[in-house]
Protein chains: 2
Amino acid sequence: MSAVAKPLAKPAAGRGASLKSEFVAFKTNRIVEVASHLFYQRGYSSCTLDNVADNLGVTKPFLYSYFKNKEAILAAICEVGISEALTILETTLAGEHKNHRELLAEVVRQVGRIVIDRQEYVVVYLREMKHLSATDHERILRLRHSFDHQIAELIREGIEAGEFRQDTDSFVAVWIGGLISWIPTWYSPDGQRSAEEVVDQLVSAALRLAGAE
Amino acid sequence: MSAVAKPLAKPAAGRGASLKSEFVAFKTNRIVEVASHLFYQRGYSSCTLDNVADNLGVTKPFLYSYFKNKEAILAAICEVGISEALTILETTLAGEHKNHRELLAEVVRQVGRIVIDRQEYVVVYLREMKHLSATDHERILRLRHSFDHQIAELIREGIEAGEFRQDTDSFVAVWIGGLISWIPTWYSPDGQRSAEEVVDQLVSAALRLAGAE
DNA sequence: GAAAAAAACTACTGGCCAGTAGATGCGTTT
DNA sequence: AAACGCATCTACTGGCCAGTAGTTTTTTTC
């Protein structure tokens, strides 16, 4: 991985955001980035903040200038893991589409891409969420429920519109969520399959599950 | 959960297995059972052996009479998580079947049942496997690969026999594995859905993925 | 029922690690 | 160039926990 890959947030342009606050955002992002990678590899509980600091070329107290404690870093990672997927879902739902079949395909494609792109964040989010404080845990869970609910709604409308098989159950939304969440546990960027190939197959599988193919 | 549920291994009958070795097996199983539950709830790394001992009503050194160290307990849990699924898969494959469609349905049904039955073991296995020593890790991974391979082979034969859609890709085996592994992350024995209902839906989803419905 | 063997316990240690107090350096202002 | 303020560091602590040494309790054997 390059030293500074895929910034999580674009620097806010000009007015309002001072150069200084951009620096702070940059450093915060780098901490989340490195922590995400290490938590992904070695697990949240068995990874120390000294490890994270070492990988950043700084010392542990540095981290405490940007995060309240270890758990706050995890919360930031989980936030990325779910909220990027949720955002792209809502953007796609709000966009143009011919019919429910095309919409489902596009939603699954976009979300699949994000999940592959943010693989490590997604894995950490799914695996380590339970280590969050009650408050953070609830906040993240609400985002997840919103995501699941909107997918379920899309399926329901597609059935109603007669575009998906009538015997398609509300379970299908769960299975599609499963397909998506399952990707990061076996897909590797260094593997044989290209990301686009995986996403194509994912879309095809989701349409089969919905009985829309 | 009852105090002593679902023994992992039947006591070997009579000859060969002394009463004493049955006691040892019983206690070993209880340790694995309780550890599995705690590792499932709180994660392997953040769960102490004192916790495990407390829950068993014994003290920590007791555990060291039955396991070399903490990691050996994890290895035993992972072993259950994958090998029971593998065993039922092979038993089912070896049995009678009308055609590939029926065989796939039966395999998915049987494995699905085991995964629900051994939910906590499966979750711990999937989530914590990387904390195993290199030797144990490889052994468990071999079992997993054997599992995946046999599912893939079943799909391939079904396509060849013309029972599954011809454009079905080898990916489908991965997706079916995903559906199965995904169950324990959302299914709860105390929830609304009965285990049999979930398994029925799982079978139906797997057949759709294979294009056999 | 005494002696031997086995099983489980009490009590400890050495290392690790999240989090902190206070020092140090470094850029900016005047 | 002195003084200020901010960013980061050095150095530490208190608690936790895997693993162990050696003792006590229970069971078995004769």
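Residue numbers start from 1 in every chain, and the chains themselves are labelled A, B, ... in the order their sequence lines are given, proteins ahead of strands. Computed from a predicted model, the values in this text were never measured in an experiment.
For B:Lys60 and D:dG19, a side-chain-to-base donor-acceptor distance below 3.5 Å is present, hydrogens and geometry of angles not being considered.
Across all their heavy atoms, B:Val108 and B:Ala206 have their closest contact at CG2-CB, 3.9 Å. Scanning both residues, B:Cys47 and B:Leu38, for their nearest heavy atoms gives SG-CB, 3.6 Å.
With rounding to whole Å, A:Asp50 atom CG is found 17 Å from C:dG15 atom P. Atom CG of B:Leu56 is separated from atom C1' of C:dA8 by 13 Å (rounded to the nearest Å). Rounded to an integer number of Å, the gap from A:Leu38 CG to C:dA18 P is 12 Å. As rounded to whole Å, 14 Å separates atom P of D:dC17 from atom OH of B:Tyr44. When rounded to the nearest whole Å, the span between CZ of A:Phe62 and C1' of C:dC26 equals 15 Å. Atom CD1 of B:Ile31 and atom P of D:dA18 are 14 Å apart (whole Å). Distance CG (B:Leu74) to P (D:dA18): 13 Å, rounded to an integer number of Å. We find that CG of A:Leu63 is positioned 11 Å from P of C:dG19, with the value rounded to whole Å.
Inspection of the B:Thr168 and A:Arg208 side chains reveals an N or O donor paired with an N or O acceptor under 3.5 Å. Side chains of A:Glu120 and A:His37: a donor-acceptor N/O pair is present below 3.5 angstrom, by distance only.
Nearest-nucleotide positions on DNA chain D place B:Thr48 closer to the 5' end than the other of B:Phe23 and B:Thr48.
At least one cation-pi condition fails for A:Arg127 and A:Phe39: the charged atom is not both under 6.0 angstrom from the six-membered ring centre and inside a 45 degree cone around its axis.
Note on A:Ser65: a base of the nucleic acid sits closer than 4.0 angstrom, heavy atoms only. Here A:Lys68 lies out of heavy-atom contact (under 4.0 Å) with every strand.
Listed nucleotides: D:dT10, C:dA8, C:dA18. Nearest to the side chain of A:Lys70: C:dA18. The side chain of A:Pro61 approaches D:dT10 more closely than any other nucleotide in the set C:dG19, D:dT10, D:dG19.
An OP1 or OP2 oxygen of D:dT8 is reached within less than 4.0 angstrom by a side-chain nitrogen or oxygen of A:Tyr66.
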